[in-house]
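Within every chain, numbering begins at 1; the chains are lettered A, B, ... in the order of the sequence lines, protein sequences first and strands thereafter. Computation of the quantities below employed the complete heavy-atom set of this structure, encompassing side-chain atoms and omitting hydrogens, waters and symmetry-equivalent molecules.
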Amino acid sequence: MHSAGCLLRVSTLGKSYGPVQALNDVDFDLRAGEVHALVGENGAGKSTLSRIVAGLTAADRGRLEFKGQPYAPANRKDAERQGVHMVMQELNLIPTLSIAENLFLDCLPNRWGWIDRARLRAESQVLLERVGLGGLDPNLPVSQLGVGQQQLVEIARSLWRRCEVLILDEPTAALTDPEVELLFALIQGLRGAGTGIVYISHRLEEIQRIADRLSVLRDGRMTGTRAVSDVSLEKIVRLMVGRDLDSETLHESRTAGPVALAVRGLTCAGCVRDVSFEVRRGEILGFAGLMGSGRTETLRAVFGADPLERGEIHLHGSERPARIRSPRDAVRQGIALLTEDRKAQGLLLPLAVRANITLAALRAVAEKWGLVRRADEAGVARDWVQKLAIRCHSEEQPAAELSGGNQQKVVVARWLFRDCDILIFDEPTRGIDVGAKFEIYRLLNELAGRGKAVIVVSSDLMELMAICDRIAVMSAGRLAATFARGEWTQDKIMAAALREHLTTKPLSRSDDAPPAARN
Amino acid sequence: GPQSQTPGKPRIALIMKSLANEFFLTMENGARAHQKAHADEYDLLANGIKDELDVAKQVELVEQMVAQKVDAIVIAPADSKALIGVCKKAQDAGVVVVNIDNKFDDAVLAGQKIKLPFVGPDNRKGARRVGDYLAKQLKPGDKVAVIEGPPNAFNGQQRGLGFDDAMNAAGMKIVSSQSGYWETDKANQVAAAIITENPDLKAFLCANDSMALGAVAALRAAGKLDQVKVVGYDNISAVQTLLKEGKILATADQHADQIAVFGIEYALQLLKTKTAPADRETPVDLITAESLAGK
Amino acid sequence: MQNRSRWHAGLTEYLGLAAALALLVLVFSLSTRNFFTTTNFTTIANQIPALLLVATGMTFVLVLGQIDLSVGSVLGLCGSVLGVAITQWKWPAGLAMLAALGAGVFCGAFNGAVSIRWRLPTFIVTLGVLEMARGAAHAVTRSQTQYLGSAIDWVAGTNVLGLSLPFLVALAIVAASQFALTRTVFGRYVVAVGTNEEAVRLSGIDPRPVKLAVFMLTGLLVALAGVIDTARFQSANPNAGLGLELQAIAAAVIGGTSLMGGRGSVVATFFGVLIIAVLNSGLAAIGARDETKRLVTGAVIIGAVILDQYRHRLERGRST
Amino acid sequence: MQNRSRWHAGLTEYLGLAAALALLVLVFSLSTRNFFTTTNFTTIANQIPALLLVATGMTFVLVLGQIDLSVGSVLGLCGSVLGVAITQWKWPAGLAMLAALGAGVFCGAFNGAVSIRWRLPTFIVTLGVLEMARGAAHAVTRSQTQYLGSAIDWVAGTNVLGLSLPFLVALAIVAASQFALTRTVFGRYVVAVGTNEEAVRLSGIDPRPVKLAVFMLTGLLVALAGVIDTARFQSANPNAGLGLELQAIAAAVIGGTSLMGGRGSVVATFFGVLIIAVLNSGLAAIGARDETKRLVTGAVIIGAVILDQYRHRLERGRST
Ligand SMILES: Nc1ncnc2c1ncn2[C@@H]1O[C@H](COP(=O)(O)OP(=O)(O)OP(=O)(O)O)[C@@H](O)[C@H]1O
Ligand SMILES: Nc1ncnc2c1ncn2[C@@H]1O[C@H](COP(=O)(O)OP(=O)(O)OP(=O)(O)O)[C@@H](O)[C@H]1O
Ligand SMILES: [Mg+2]
Ligand SMILES: [Mg+2]
């Protein structure tokens with residue numbers, strides 16, 4: 001039945017991957033001019049549903065209707081021709097091509113195959129303005145962009161086309177507040193123009209702000225659709241996870257121990273200038289800041305992943321600066337870094353979950369002379385799969401087949417198994433569902449409670465305020481301020497994050513060539 | 001190393017085939033020794049290609065030598081047709097060209113009305129002599145196999161023909177002719193398969209000694225060293241002992257060191273007198289255990 | 001400013017390679033009598049067209065993230081077809097050349113189609129074709145070099161200012177290829193597929209025609225190289241092009257083309273070809289012993305790439 | 001159940017390869033007289049140790065995501081060192097062999113160290129070493145094949161049930177290597193580095209020693225192959241191992257090893273070596289013409305990989 005305004009209807013949809021039933025008998029509908037949020041735990045099937053609608057995967061069962069007509073896109077291009085677009089969860093840009101070329105990849109303006117560069121540039125400029133990246137040179141290779149900027153470019157890519165259905169699969173996972181605001185403005189504009197938007201996110205407060213209706217997926221089944229105004233946050237969580245989450249215990253008060261890591265005058269090529277901070281045992285230090293403010297660069301330098309120009313790193317209160325020239329040095333001295341780009345820098349995608357978990361501490365499950373004890377290894381992996389509730393059908397499943405959030409948990413498990421004293425988490429909850437997020441918060445708390453020094457970088461300010469003992473705020477490569485628990489407010493932190501941008505010319509990625517490309 | 005380059009003295013370029021082959025190395029050494037003894041008469045530029053199938057590189061060498069303004073080119077062509085064009089160009093540019101070792105194709109030379117004097121051995125005749133010597137040790141009707149050079153190597157073809165001539169004349173049965181690409185390893189594989197397939201084989205005729213070494217190894221592995229005779233060609237140093245031990249029956253010596261020297265002397269004469277002497281066939285000697293003992 | 005920096009970038013991009021080349025020329029000019037002469041340079045120029053064309057095709061293949069080991073054999077096959085068509089089948093020269101080019105395109109299409117159809121690594125498919133094309137070349141010629149006489153002399157014989165037609169054609173093709181790679185939709189797709197084929201597929205672009213086209217283009221360029229070599233030597237040799245694949249890849253890689261795909265420049269490959277050609281020529285002019293030549297060649301290949309690395313670092317160092 | 005399925009997986013993994021091999025044996029057995037005989041099989045078995053060892057090393061290199069083009073030349077060099085040490089320098093056989101192995105390890109270390117130090121693609125470094133090692137082999141032997149007589153006959157001459165010592169040693173090494181690749185920390189690191197080097201580095205594991213070790217290991221295996229070949233032929237030829245790199249890579253790739261790194265199995269490479277050896281031997285037994293041999297070889301290389309693809313699909317089809 002085609003009711004007025006019902007743009008897209010999905011009924012009894014089913015899809016399985018081997019033994020995994022990713023979608024089971026799912027019904028879903030989208031009206032023109034609404035923002036329909038899709039939520040659910042990691043691996044619930046949100047991306048799978050979106051991919052089917054966008055023509056990237058074929059369903060096993062069920063039917064789709066688009067504007068009252070049967071709809072079966074042969075591939076993505078076909079779907080886009082009909083007006084269904086999707087911004088995918090994982091970045092799919094081509095790093096060696098320029099921003100402009102990526103924006104228009106499947107329809108580069110050309111005359112007999114010859115690219116019209118002036119037009120390409122002009123049109124890209126317009127698109128970039130719309131997503132707030134007006135300062136970027138469209139001819140810059142994408143390899144020189146940070147994750148957040150890439151995400152915005154991905155979004156820009158879908159914006160210019162005739163768009164009746166737009167699916168955003170976790171668009172804000174790598175964005176900080178200002179960009180999120182910008183994105184919301186864009187979404188409002190599209191909604192006004194009658195586009196139906198499917199919005200997938202694990203940040204529930206966002207959903208409360210912009211969504212009209214909400215559907216919850218659990219284990220591949222739809223548990224129901226309702227108006228967002230009718231449900232409270234707690235209720236959404238209950239629908240997703242099937243139980244209540246206890247948000248009271250997010251932060252346990254503990255007494256911080258001696259200084260574990262002290263960084264003095266850290267400067268590295270380009271984007272980190274004179275950063276000093278310290279973190280104590282049993283303390284969680286948060287790093288806030290705008291996108292590109294240098295948080296990642298700072299911590300990578302501490303970890304020895306990038307060379308540092310100046311600065312000293314002292315461990316465990318020692319007066320002698322530690323020698324950290326490579327990640328190996330860092331790990332040996334008890335520092336761990338969970339990278340922000342799990343796909344490129346964290347996972348061994350084709351290898352088993354087991355191999356991914358034990359990678360950093362393989363020797364712990366091996367004989368002295370190098371034989372891996374397979375039973376032990378599998379046992380360890382199974383343990384962690386259980387402890388972190390990683391959703392996979394066995395620890396032998398390749399990491400590539402896991403949902404994004406579960407992949408993240410695999411990387412977390414690797415470092416928890418390695419058991420370092422100083423743990424640096426760069427965007428640990430990126431793309432992780434609330435249930436798992438709370439699980440990770442609990443873990444961070446527990447780690448701090450066990451006397452570890454924990455550093456958390458996050459673009460989600462609420463999250464930092466919920467779990468940290470102190471928050472350091474970076475702004476344009478400098479450390480703008482550090483707040484202790486109780487001293488901070490959201491406004492104070494945002495003001496600090498913007499401080500350098502107001503006083504000095506911001507570092508713009510377009511005039512500065514990159515330090516070694518990271519993706 | 002770099003050559004002394006006194007202007008006035010003629011410069012002679014020696015262009016050889018595969019320097020990977022001991023034969024041409026001997027040739028080069030002979031030439032260098034000769035130059036040292038006659039250092040006041042000429043300068044020598046010796047070059048060769050990596051492997052004898054790389055004809056293009058040899059053509060380029062000739063062009064290079066013309067560009068270097070040498071007075072004469074003494075060349076052992078890797079291909080009896082493909083080098084004619086460039087040698088003609090060299091002649092037209094006023095460079096004396098002498099053909100050694102591997103004779104240019106007569107038909108093409110005649111068709112193009114080019115005259116290139118030749119100094120070198122007759123591979124077919126040499127192979128025939130080796131084959132004849134082998135035939136004396138066999139009975140008519142015995143099975144033999146030929147291991148040839150690469151399919152279009154001219155001297156390889158000539159040696160194959162020479163072996164065929166001898167075997168056919170003596171009434172032997174050639175059960176297989178396959179290429180061993182001048183290489184020990186490849187010849188070894190081929191020989192091993194042939195032995196298995198023809199357990200009553202009596203002899204291998206190999207178009208060079210490296211391949212003979214491969215055949216001997218195959219026979220040793222099959223435990224048939226004393227049932228199957230092997231002959232080779234080139235008389236490289238490595239087969240001396242084998243000849244004495246009788247594991248290789250015979251080989252042919254083309255006096256590589258002499259060939260280039262003859263070519264160079266020939267070129268010098270041409271430069272001086274401007275008249276071409278007649279083609280000159282260099283000797284090919286049959287080498288056997290007896291001839292070695294006789295030395 | 002925008003424009004100046006682009007020029008600047010273009011220049012520094014080839015700085016390392018140019019330096020390596022200049023160094024070689026300098027060394028050889030000092031150590032031989034007639035190296036630094038017009039004659040010698042035109043001789044070198046007229047020798048490189050075949051390698052240049054093959055290396056250009058190889059650059060496309062490498063940028064695509066693939067490899068083509070069959071180029072040498074295919075060159076031999078195309079030359080053989082041309083030779084046999086003229087000498088045995090008595091075809092007119094034009095038709096014979098078309099047949100040769102057709103053979104090249106066919107081999108390229110085979111490489112592309114087989115690896116696409118069964119999703120095989122091109123390394124193994126082209127390795128198979130390496131053997132097969134060589135076999136076909138020998139079968140077609142019955143392993144005999146075909147002497148053409150002056151049948152297609154005009155191809156290699158036409159001269160402009162001492163530069164042969166093939167060289168000029170090759171130069172034009174290099175220029176066109178560089179433009180095609182950087183300025184056309186096709187070229188950008190080649191780069192994109194070489195960088196991340198899956199992402200390209202997800203963008204709604206079918207990478208298969210791009211792949212097929214690149215292999216066919218390479219086949220065509222290789223065939224052209226075969227025709228040129230046959231004309232230069234006035235004869236078609238079934239063994240022509242032996243080991244050419246490694247030389248072509250070496251030229252491209254010396255020029256900074258990545259074997260992982262997504263990165264490469266035809267102009268840089270041109271420099272790579274020049275370095276190889278100058279090296280060969282110079283060593284021949286010196287008359288070095290074979291083992292010395294090999295040692296030096298190996299060292300120069302590695303040295304050129306190291307030099308280029310330092311150029312990269314310098315550049316990066318300056319810009320940050 | 002766990003165990004049964006693992007066995008099952010192991011069996012099906014080699015099913016496609018075994019089928020290809022069986023097919024070849026069948027065809028040759030029907031078309032020749034003495035192919036299907038013990039003698040013939042032991043002959044083949046005794047011919048393959050060198051290729052088997054080199055292909056084993058190559059498998060490690062490929063799994064690491066690298067390539068080693070120098071193996072053929074290095075084999076030639078190691079054999080030459082052995083030959084010259086015995087015949088010219090009159091060293092005792094044991095010492096001479098040590099020297100040969102040392103030369104191999106040195107070349108491997110050079111490959112690894114240079115590409116690590118300057119972050120060069122191993123393709124180009126090993127291509128350079130290909131030239132240099134061959135030059136060195138010629139320099140050492142003065143291009144003369146060295147005849148050793150029976151100096152190290154025991155190496156190739158010792159027989160157990162008709163199988164030579166080298167074959168048994170090679171088998172043992174294949175088994176040990178497969179074990180090392182799948183069950184040890186080192187092997188896991190090799191696979192991990194080949195899959196995502198950056199991720200490994202950021203996990204606090206230095207990938208450089210792993211790389212260096214793999215290249216040195218390969219050098220050692222190649223040297224061993226050189227010693228074996230020298231012993232088999234009782235002579236050391238500076239040209240030995242020409243073109244071996246492509247054969248070794250072909251064997252590994254036929255066995256399903258990925259050129260992109262991260263995936264490969266030594267046992268599968270063993271099948272690849274067997275396929276190549278059976279093919280060579282069978283074609284020689286038939287006495288096929290050279291061009292036929294090449295055409296068939298090319299077709300079999302491609303066919304074997306296609307067959308393996310179908311096996312993959314079957315397997316996937318069953319498991320889903
Ligand atoms: N290509 C694949 N092969 C095998 N299993 C897959 C594949 N893609 C998805 N799955 C499985 O399907 C299920 C649903 O995955 P999906 O990516 O849709 O989850 P999601 O809801 O988007 O999760 P997240 O919030 O983590 O992104 C998961 O259990 C996942 O492991
Ligand atoms: N791959 C890159 N290429 C070029 N410049 C980069 C790259 N990564 C970071 N930068 C530069 O470094 C600065 C700091 O970036 P960094 O990634 O450390 O910031 P961040 O605070 O972690 O932000 P993000 O949310 O993007 O991760 C940026 O201003 C940018 O100019
Ligand atoms: Mg998802
Ligand atoms: Mg960051």
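- When heavy atoms are compared at a cutoff of 4.5 Å, Glu377(A) approaches chain D solely by way of its side chain, counted from C-beta outward.
- Not one N or O on the side chain of Gln397(A) forms a donor-acceptor pair closer than 3.5 Å with the backbone of Cys392(A).
- Chain A forms more heavy-atom pairs under 4.5 Å with one residue of Gly262(D), Ala180(D), Ser203(D) than with any other, namely Ser203(D).
- Put simply, of Gly304(A), Gly370(A), Ala360(A), the one with the most heavy-atom pairs under 4.5 Å next to chain D is Gly370(A).
- A salt bridge links Asp419(A) to Lys452(A): one of the charged nitrogens lies within less than 4.0 Å of a carboxylate oxygen.
- Contact of Leu351(A) with chain D is made through the side chain alone, with heavy-atom distances under 4.5 Å.
- Most heavy-atom pairs under 4.5 Å with chain D: of the set Ala305(A), Ala361(A), Ala336(A), this distinction falls to Ala305(A).
- A cation-pi arrangement is absent between Lys211(D) and Phe215(D), since the terminal nitrogen or guanidinium carbon is not both under 6.0 Å from the aromatic centre and inside a 45° cone about the axis.
- Defined by atom type and a distance below 3.5 Å, a donor-acceptor pair is present between the side-chain atoms of Asp60(A) and Ser16(A).
- Interface remark: Ile335(A) contributes no atoms to any contact with chain D (heavy atom separation under 4.5 Å).
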| task | List the steps and the verdict of side-chain contact (heavy atoms from CB on, under 4.5 Å) for Val331(A) and Trp415(A). | result | CA-CA 10 Å; Val331(A) 173; Trp415(A) 288 119; 3.9 Å; yes
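- Note on Ile205(D), Val191(D), Thr184(D): by heavy-atom pairs under 4.5 Å with chain A, the leading option is Thr184(D).
- Interface remark: Ser326(A) contributes no atoms to any contact with chain D (heavy atom separation under 4.5 Å).
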| task | Please assess Arg414(A) against Asn356(A) for the test side-chain contact (heavy atoms from CB on, under 4.5 Å), listing each intermediate value before the final yes or no. | result | CA-CA 7 Å; Arg414(A) 174 189 303 165; Asn356(A) 273 287; 3.3 Å; yes
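- For Ala330(A), no part lies near chain D; criterion is any non-hydrogen pair under 4.5 Å.
- Between Arg300(A) and Glu297(A) no salt bridge is recorded (no basic side-chain N to carboxylate O distance below 4.0 Å).
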